[in-house]
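Below, all heavy atoms of this structure are taken into account, side chains as well, without hydrogens, waters or symmetry copies.
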Amino acid sequence: RPAFEIVHLLVQSGADFRQKNSADDDLVTWMSRRNENYDVGDEQKQWFRETVDLLRKKGVALELSKD
């Protein structure tokens with residue numbers, strides 16, 4: 001279960017969000033398969049939204065899943 005406040009902090013601090021994991025996904029690809037309903041809890045939903053906003057401010061064209 002992701003902790004989006006940590007993800008947000010890492011991206012904000014300059015982490016390479018295009019670095020791929022063992023499944024050959026980067027953070028943008030991984031997040032694009034999800035939406036704020038992916039996580040339970042209002043706090044994580046808020047951090048998810050803030051992370052999406054931050055990525056978009058960095059020029060990422062991020063489209064979220066509709067499911």
Item checked: Under 3.5 Å: donor-acceptor pair, side chain of Glu5, backbone of Gln44 ->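 Absent.
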Check: Is it true that a side-chain atom of Asn35 and a backbone atom of Ser65 form a donor plus acceptor pair closer than 3.5 Å?
Finding: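 Side chain of Asn35 to backbone of Ser65: a pair is present.
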Next item on the list: Go through the structure and list residues passing side-chain contact (heavy atoms from CB on, under 4.5 Å) with Ala23, not counting sequence neighbours.
Entry: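 Ala23: side-chain contact (heavy atoms from CB on, under 4.5 Å) contacts with Asn21, Asp25.
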Item checked: Which residues share a side-chain contact (heavy atoms from CB on, under 4.5 Å) with Asp16, sequence neighbours left out ->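 side-chain contact (heavy atoms from CB on, under 4.5 Å) list for Asp16, sorted by chain: Arg18, Gln19.
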Margin query: Applying side chain to side chain contact (heavy atoms under 4.5 Å, CB included) to Leu54 and His8, what does each step give before you reach the verdict?
Written below: CA-CA 8 Å; Leu54 177 59; His8 186 274; 3.8 Å; yes
Next item on the list: Please tell me if the side chains of Phe48 and Met31 come closer than 4.5 Å, counting only heavy atoms from C-beta onward.
Entry: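 Phe48 reaches Met31 side chain to side chain.
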Item checked: Listed once per pair and sorted, the side chain to side chain donor-acceptor pair (under 3.5 Å) pairs that draw on residues 47-60, sequence neighbours left out ->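 Listed by first then second residue: Glu36-Arg49, Gln46-Arg49, Gln46-Glu50.
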Notebook entry, point to check: Thr29: what forms a side chain to side chain donor-acceptor pair (under 3.5 Å) with it, not counting sequence neighbours?
Noted result: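 In terms of side chain to side chain donor-acceptor pair (under 3.5 Å), with neighbours along the sequence ignored, Thr29 is linked to Asp26.
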Checklist line | Transitive ILVMFWY cluster of Leu10, excluding itself - 4.5 Å side-chain cut-off | finding: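 So far as hydrophobic clustering goes, Leu10 is joined with Ile6.
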Item checked: Considering all heavy atoms, the nearest Leu62-Ser32 contact ->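 Closest approach of Leu62 to Ser32, heavy atoms only: CD1-CB, 3.7 Å.
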